[in-house]
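Numbering starts at 1 and runs along the sequence shown. This structure is a prediction, so every number in the text was calculated from the model and none was measured.
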Amino acid sequence: MSNFLQNFIDPAFWYSVLRVSTPLLFAVMAALVSSIAGSINIGIEGMMLMAAFWGNVIGAFVKNPWIGLLTGVASAIAMSLLLAFSHLKLRVNLVIAGVALNLFASGFTVFMLFALTGEKGTSASLGSQPIPRLDIPFLRDIPFLGKVLNNHNALTYLALISIFLVDYLIRKTPLGMRMRAVGENPDAATSVGVSVLRVKYLSLLLSGVFAGFAGAFLSMGYVSWFARDMTSGRGFIALAAQALGGSSAILGALGALLFGIAEATGFTLQSLRIPSEITNMIPFILTLIVLIIYARTRVRSHSRIQEI
């Protein structure tokens, strides 16, 4: 037990937390920029999966991880535009359209993986082109924090920066104000000349960008290959973390880090010979707890409003 508790003061544990939290941080930002405009992006899981596939495969074929990254993000943007067109133009229910995209991405990536490699499990035979890690000199010599923050994948640092970029976007920019207005009261936004359709398209497109970075990290940073359904529910976990943080990018990021701690703790418990089937359940159990707390909070707040 003492060995387990010592892990929480080990910089290697917190380094692992940042590493496993990276795709969740991107995915939470993807969930936030869409939900702030009134569109809950259920398709984040599928967008991440598509980006993970195309990023890894194209990067392996052209022998350039950056081209692979751009291709992966572009594929997620294409998925987000398809979702936006289906919902905003064809009037398809947003939840149904998102679930359909998730199912499509799951099947399509396996089909393309088999077509390109002859395998249905992983793309390891293609050879990997991972995005490099960054050794930052001024971080290297800082006690404890240097070991936690230094030598991460480049996308990890981009994920941390994106928290503050999204926070600035939704709080300080005209676009962010329009997104909030559309999400809170689209009729009022229309009355002052805001194009609700355009804002919703932009919010879903931005959501696709962040989902693309999340997926690309999984296959080009977290590991160096694509595996079928490798997102493993992270898109849905991100939706729960975003719900926990509300309209705040900072609180949403803290929610993502909470799930990252749960996942890293699961890895630590495996060293104590606890079956992986049990430890892998920890993030999903936490997701259920968070959703229950969120639902109860919303019900209580609604009840108080009615009483007033």
Side-chain angles (χ1 to χ4, degrees), residues 22-53 72-106 108-109 159 162-163 165-167 169-170 175-176 178-184 186 196-218 229 231-249 251-253 255-256 259 287 290-291 294:
T22 297
L24 291 175
L25 288 171
F26 278 126
V28 167
M29 297 304 110
L32 178 57
V33 294
S34 61
S35 67
I36 205 78
S39 300
I40 300 176
N41 188 355
I42 301 296
I44 291 175
E45 184 87 359
M47 295 174 192
M48 289 173 62
L49 194 60
M50 197 70 80
F53 174 78
V73 173
S75 69
I77 292 173
M79 291 278 282
S80 68
L81 290 176
L82 179 59
L83 176 64
F85 180 78
S86 300
H87 173 58
L88 300 174
K89 186 69 174 178
L90 303 180
R91 303 297 181 183
V92 178
N93 180 277
L94 186 58
V95 174
I96 294 174
V99 171
L101 284 184
N102 292 338
L103 295 174
F104 168 74
S106 178
F108 180 77
T109 51
S162 71
I163 300 168
L165 290 178
V166 170
D167 184 69
L169 168 69
I170 63 179
L175 175 59
R178 293 189 187 102
M179 289 168 66
R180 295 204 313 272
V182 168
E184 292 173 6
V196 172
L197 197 64
R198 181 181 300 174
V199 169
K200 284 182 176 287
Y201 263 108
L202 283 173
S203 68
L204 286 171
L205 186 147
L206 283 174
S207 182
V209 171
F210 287 113
F213 281 121
F217 174 81
L218 286 175
D229 295 325
T231 48
S232 302
R234 287 181 175 87
F236 299 109
I237 291 175
L239 289 171
Q242 186 273 315
L244 184 64
S247 60
S248 169
L251 293 179
F259 285 102
T287 302
V290 166
L291 290 175
Y294 174 73

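By the side chain to side chain donor-acceptor pair (under 3.5 Å) test, Ser86 pairs with no residue at all, sequence neighbours left out. Not counting sequence neighbours, the partners of Ser106 by the side chain to side chain donor-acceptor pair (under 3.5 Å) test are Asp229. For Ser75, the side-chain contact (heavy atoms from CB on, under 4.5 Å) partners at least two apart in sequence or on another chain are Met50, Ala51, Trp54. Scored by the side-chain contact (heavy atoms from CB on, under 4.5 Å) test, Thr22 finds Phe26, Thr156, Ala159, Phe217 as partners (sequence neighbours excluded). Applying the side chain to side chain donor-acceptor pair (under 3.5 Å) rule to Asn93 yields no partners; only residues at least two apart in sequence or on another chain are considered. By the ring-ring contact (aromatic ring centres under 6.0 Å, His included) test, Phe108 pairs with Phe104, sequence neighbours left out. Remark: Phe53 engages Phe226 in a ring-ring contact (aromatic ring centres under 6.0 Å, His included) (not counting sequence neighbours). A search for side-chain contact (heavy atoms from CB on, under 4.5 Å) contacts involving Leu81 returns Ile77, Leu205, not counting sequence neighbours. Under the rule for a side-chain contact (heavy atoms from CB on, under 4.5 Å), the partners of Leu239 that lie at least two apart in sequence or sit in another chain are Ala31, Ile40, Ile42, Ile44, Phe236.
The ring pair (Phe, Tyr, Trp, His ring centres under 6.0 Å) pairs that include a residue from residues 30-52 number zero, where partners must be two or more places apart or lie in different chains. For residues 40-49, every residue pair satisfying the side chain to side chain donor-acceptor pair (under 3.5 Å) rule, not counting sequence neighbours, is listed here: Asn41-Ser207, Glu45-Thr231. Sorted by first and then second residue, the pairs that involve residues 232-246 and meet salt bridge (charged side-chain N to carboxylate O under 4.0 Å, His left out), not counting sequence neighbours, are Arg234-Glu263.
A donor-acceptor pair is defined here as one N or O able to donate and one able to accept, closer than 3.5 Å; no such pair exists between the side chain of Lys89 and the backbone of Ala84.
Shown here for Met179 and Val33, the closest heavy-atom pair between the two residues is CE-O, 3.1 Å. The two residues Met29 and Ser162 come nearest to each other via the heavy atoms CG-OG, 3.9 Å. When all heavy atoms are compared, the tightest approach of Ala253 to Val28 is N-CG1, 4.3 Å. Considering all non-hydrogen atoms of both residues, Ala27 and Ala214 come closest at N-CB, 4.1 Å. In this structure, Gly208 and Met47 approach most closely via the heavy-atom pair CA-SD, 4.0 Å. In terms of heavy-atom proximity, Ala105 sits nearest to Met79 at CB-CE, 4.0 Å.
Between the CG atom in Leu206 and the CD1 atom in Ile36 there is a gap of 12.5 Å [rounded to 0.5 Å]. Remark: Gln242 CD to Ser247 OG distance equals 8.5 Å, nearest 0.5 Å. For the atom pair Ile170 CD1 and Arg178 CZ, the distance stands at 15.5 Å (nearest 0.5 Å). For the atom pair OH of Tyr201 and OG of Ser80, the computed distance is 10.5 Å after rounding to the nearest 0.5 Å. Rounded to the nearest 0.5 angstrom, Leu101 CG and Leu83 CG are separated by 5.5 Å.
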His87 and Val92: CA distance, side-chain angles, deciding distance, side chain to side chain contact (heavy atoms under 4.5 Å, CB included) verdict
CA-CA 5 Å; His87 173 58; Val92 178; 5.5 Å; no
Test side chain to side chain contact (heavy atoms under 4.5 Å, CB included) on Phe210 and Val166 and set out the steps.
CA-CA 10 Å; Phe210 287 113; Val166 170; 3.4 Å; yes
Chi angles and distances behind the side chain to side chain contact (heavy atoms under 4.5 Å, CB included) call for Leu165, Leu169
CA-CA 6 Å; Leu165 290 178; Leu169 168 69; over 6 Å; no
Go through the steps for Leu244 and Leu251 under the test side chain to side chain contact (heavy atoms under 4.5 Å, CB included), then give the verdict.
CA-CA 8 Å; Leu244 184 64; Leu251 293 179; over 6 Å; no
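Residues Ser39 and Leu94 are in side-chain contact: their nearest non-hydrogen atoms beyond the backbone lie under 4.5 Å apart.
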